[in-house]
Asker: 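Have a look at this one.
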Amino acid sequence: MPLSRAQLRIALPVIILLCQIFACPADASSDDEPLKSLIESVTTDAVALDSITRQILKKEIELDSLNQKFRLHTALTTKWRQRRVFLYSETNSCLTLSSLIEAVPQRYKIINAKNDATSAKIRKKARGKFACATELQLTGQCLSLGGDVFEMGLNYYNYRKLKGAGFDPKSYRVEAEILESEIDSLISERKKMLTETANLTGADLKAAQLEGQLIDDYRNIVLTTYADYHSATNRFWVLQNTSFLVDMAKNGSGAAGNIIGLTGNHLKHPRMQGGSGVMSLISGVIVLATPAVGRITSNVSAVAARRLVSKKMQNVETIDAAALEKHRRDFLSLVAESSGSKRKETTTANPRGYLEIASARINVFAREEKMLYDIEKGVARDRKLAHDNLVENIVFAGVVAPPRMTNGITQIIGGWRYYSDHTNANRLYLAGNTAYMAATGFNIFETARIELNAEIRFHDQAKNHNSTRDRIGARLKTLDEMKSAI
């Protein structure tokens, strides 16, 4: 029921008086204002510190993701390239072996001819077979040479695609340096905030400091990974392209020798076999030098790439998974100690402390630690594989190259010294061809063995989902989950 005017005149003074009475206790408690201000200040500082910490972690995860994406796009070869290279080499070796098998019996017949007339008759019939044998070798050399040109062209095409997608080394450096600058700026701001904030004390202050150590560790890890991946990619690319270039030189010199030999056969100039032998000798020397050339050029490229990156990186310390684990356990020990003294429940007047805020995201560092252990195991595995491959390549070159060089030397001596003495010349050619034939047979079986092992490895990786591509994909997924959890 609405009040009348007379009733309002009586009620209003009463209401005003009651308001003044209830206002007095609030004024009387003005001595508690510093406590209220302190609580509000602590809350504000903890929230601000938490906010900048989250920003830093997101930037570090962004750089970590960039590292893994760069690695995924630049350091992997498809199994089809492995198969193509196998086919180039195996076809070349099989045609070379066929060529030698075609030539050796004819040379044996010439050596065992009873007289010069019989020898001349055999040589006349054998000219076509010698030409056919040389053509087989030339075909194999040209196929392998064409394969090298195709693979290098494919490398260039893939590089253009990577550059367009922003994953070439130069674009990678630019983006990583921008993220590094942003991370360092935020870390400096956080350290300044922590130094100037007097309201975080005890366990909260120690938690902020320990988390700062973990943040620094993560920053060092992602920057070290960036330098490693940039260096490793340059090493891998140079090694791969150098291998193709050296193989091109080997096949090109071999093909040149075949052309000289064919020309000499066609023109009936036996001395030209000496020139063919020179090219065969050069081809053998290239095979022998291949492991050393690839190793030296790739290592020089890797060192240059690392120096290019390192000179722009500031205060980067190498941190392994064990160091990150130690610092994370220090933080967990602080959490365990603080949980012993019961903390009051969170209310508006008693806000949640920084230790509790930071402990909620400690799992982010645990997941990074697990990934780092996985990366370290992968690096150790790759180094062992690279060492084993180097030893295999040295042994392979040591077995295959000397017989090829011997074949070239016997051709040089037979063509330039015994060009008019067909019996002795063919004895030299037969000796060289026999040695070369044995080495070529070894080449065929060894190349097949390597390819068989590669196919078994591809099968196991597909079955167990543990290929390098799968592992990097899993890391990227983990990083996305870490970023979402912050």
Side-chain angles (χ1 to χ4, degrees), residues 74-77 81-82 84-93 96 137 140-156 158-159 169 230-258 277-308 382-409 435-436 439-440 442-444 446-447 449-451 454:
T74 60
L76 302 180
T77 55
R81 163 162 282 184
Q82 171 80 24
R84 288 195 304 270
V85 171
F86 163 73
L87 288 175
Y88 304 149
S89 176
E90 202 73 342
T91 302
N92 187 5
S93 297
T96 299
Q137 275 199 50
Q141 301 281 8
C142 289
L143 284 173
S144 193
L145 184 63
D148 293 330
V149 173
F150 174 76
E151 296 300 331
M152 289 200 67
L154 192 60
N155 280 349
Y156 180 72
N158 289 332
Y159 171 76
H230 185 272
S231 173
T233 295
N234 279 272
R235 178 191 288 113
F236 175 69
W237 283 4
V238 169
L239 177 63
Q240 194 178 72
N241 287 324
T242 300
S243 297
F244 287 133
L245 285 171
V246 170
D247 199 56
M248 284 174 64
K250 179 205 69 172
N251 291 316
S253 57
N258 296 147
V278 171
M279 303 309 297
S280 182
L281 176 61
I282 292 172
S283 178
V285 171
I286 292 172
V287 172
L288 190 63
T290 296
V293 171
R295 185 80 170 186
I296 291 170
T297 54
S298 62
N299 285 347
V300 169
S301 174
V303 170
R306 193 170 190 90
R307 286 183 178 176
L308 178 65
D382 290 344
R383 284 177 178 171
K384 183 180 183 304
L385 182 61
H387 177 266
D388 293 343
N389 287 340
L390 178 63
V391 172
E392 283 185 358
N393 290 338
I394 291 173
V395 172
F396 180 81
V399 173
V400 173
R404 184 187 288 251
M405 294 166 64
T406 300
N407 185 58
I409 291 169
Y436 192 18
T440 304
F442 172 80
N443 189 350
I444 290 171
E446 179 64 12
T447 304
R449 183 192 68 81
I450 292 172
E451 179 60 21

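Quick note: residue numbers are just sequence positions, from 1.
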Asker: Salt bridge (charged side-chain N to carboxylate O under 4.0 Å, His left out) with R306: which residues, sequence neighbours excluded?
Answerer: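 Per chain and number, R306 pairs via salt bridge (charged side-chain N to carboxylate O under 4.0 Å, His left out) with D228.
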
Asker: Write down the atom of S144, the atom of N251, and the distance for their closest heavy-atom approach.
Answerer: OG-ND2, 3.0 Å

Asker: How close do G252 and L145 get, counting heavy atoms only, and between which atoms?
Answerer: N-CD1, 4.3 Å

Asker: What pairs meet the salt bridge (Lys or Arg N to Asp or Glu O under 4.0 Å) rule with one or both residues in residues 231-241, with sequence neighbours excluded?
Answerer: none

Asker: So, S283 side chain and M279 main chain: donor-acceptor pair closer than 3.5 Å or not?
Answerer: no

Asker: Taking all atoms of both residues into account, what is the closest heavy-atom pair of I444 and S93, and its distance?
Answerer: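 For I444 and S93, the tightest heavy-atom pair comes out as CG1-CB, 3.5 Å.
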
Asker: Starting at CZ of R404, measure out to CG of L281 and round the result to the nearest 0.5 Å.
Answerer: 11.0 Å

Asker: Check the pair T406, Y436 against side chain to side chain contact (heavy atoms under 4.5 Å, CB included), reporting the backbone distance first and the verdict last.
Answerer: CA-CA 8 Å; T406 300; Y436 192 18; over 6 Å; no

Asker: Taking atom CZ as the centre, does R307 end up with more than 12 heavy-atom neighbours from other residues, nucleotides or ligands that are less than 6.0 angstrom away?
Answerer: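 Count not over threshold, so no.
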
Asker: Taking S231 for the side chain and A302 for the main chain, is one N or O donor matched with an acceptor at less than 3.5 Å?
Answerer: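 A pair under 3.5 Å: yes.
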
Asker: Mind running side chain to side chain contact (heavy atoms under 4.5 Å, CB included) on F396 and N443 for me, showing each step along the way?
Answerer: CA-CA 8 Å; F396 180 81; N443 189 350; 3.1 Å; yes

Asker: Kindly say whether P403 contributes a backbone atom to a donor-acceptor pair with the side chain of N407 at under 3.5 angstrom?
Answerer: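 A pair under 3.5 Å: no.
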
Asker: Name all pairs fulfilling the salt bridge (Lys or Arg N to Asp or Glu O under 4.0 Å) condition that reach into residues 284-296, sequence neighbours left out, sorted by first residue then second.
Answerer: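 Salt bridge (Lys or Arg N to Asp or Glu O under 4.0 Å) check on residues 284-296 returns no pairs.
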
Asker: Decide yes or no on side-chain hydrogen bond (donor to acceptor under 3.5 Å, both in side chains) for T233 and T74, but give the supporting numbers first.
Answerer: CA-CA 6 Å; T233 295; T74 60; 3.2 Å; yes

Asker: Before giving the answer on side chain to side chain contact (heavy atoms under 4.5 Å, CB included), spell out for V246 and I286 the whole-Å C-alpha distance, their side-chain angles and the decisive distance to 0.1 Å.
Answerer: CA-CA 7 Å; V246 170; I286 292 172; 3.5 Å; yes

Asker: For A305 and N234, work out which heavy atoms get closest and say how close.
Answerer: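 Closest heavy-atom pair between A305 and N234: CB-ND2, 3.5 Å.
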
Asker: Identify the two heavy atoms, one from Q82 and one from I450, that lie closest to each other, and give their separation to 0.1 Å.
Answerer: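 Scanning both residues, the minimum pair turns out to be NE2-CG2, 4.4 Å.
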
Asker: Would you name the heavy atoms of G294 and T297 that are closest together and state the gap between them?
Answerer: O-OG1, 3.2 Å

Asker: Pair T290, N393 - check side chain to side chain contact (heavy atoms under 4.5 Å, CB included), show working.
Answerer: CA-CA 8 Å; T290 296; N393 290 338; over 6 Å; no

Asker: Is any side-chain heavy atom of L245 less than 4.5 Å from a side-chain heavy atom of M152?
Answerer: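 They are in side-chain contact.
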
Asker: Between atom CG of N241 and atom CZ of F236, what is the distance when rounded to the nearest 0.5 Å?
Answerer: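 Atom-to-atom, N241:CG and F236:CZ are 9.5 Å apart.
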
Asker: Which residues satisfy the side chain to side chain contact (heavy atoms under 4.5 Å, CB included) test with V278, sequence neighbours excluded?
Answerer: I282, I412, W416

Asker: Enter the distance from E90:CD to E446:CD here, rounded to the nearest 0.5 Å.
Answerer: 10.5 Å

Asker: Check for a donor-acceptor pair, side chain of S253 on one end and backbone N or O of A249 on the other, with a separation under 3.5 Å.
Answerer: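 Yes; judged by distance alone, with no hydrogens or angles, the pair exists.
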
Asker: Does any pair with a residue in residues 240-255 pass salt bridge (Lys or Arg N to Asp or Glu O under 4.0 Å), and if so which ones, sequence neighbours excluded?
Answerer: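 Every salt bridge (Lys or Arg N to Asp or Glu O under 4.0 Å) pair that includes a residue of residues 240-255, provided the two are not neighbours, is D247-K250.
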
Asker: R81: what forms a side chain to side chain donor-acceptor pair (under 3.5 Å) with it, not counting sequence neighbours?
Answerer: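 Testing R81 for side chain to side chain donor-acceptor pair (under 3.5 Å), a comparison that skips the adjacent residues, returns E151, N155, Q240.
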
Asker: S89 side chain to V85 main-chain N or O, any donor-acceptor pair under 3.5 Å?
Answerer: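 No, because the side chain of S89 does not come within donor-acceptor range (under 3.5 Å) of the backbone of V85.
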
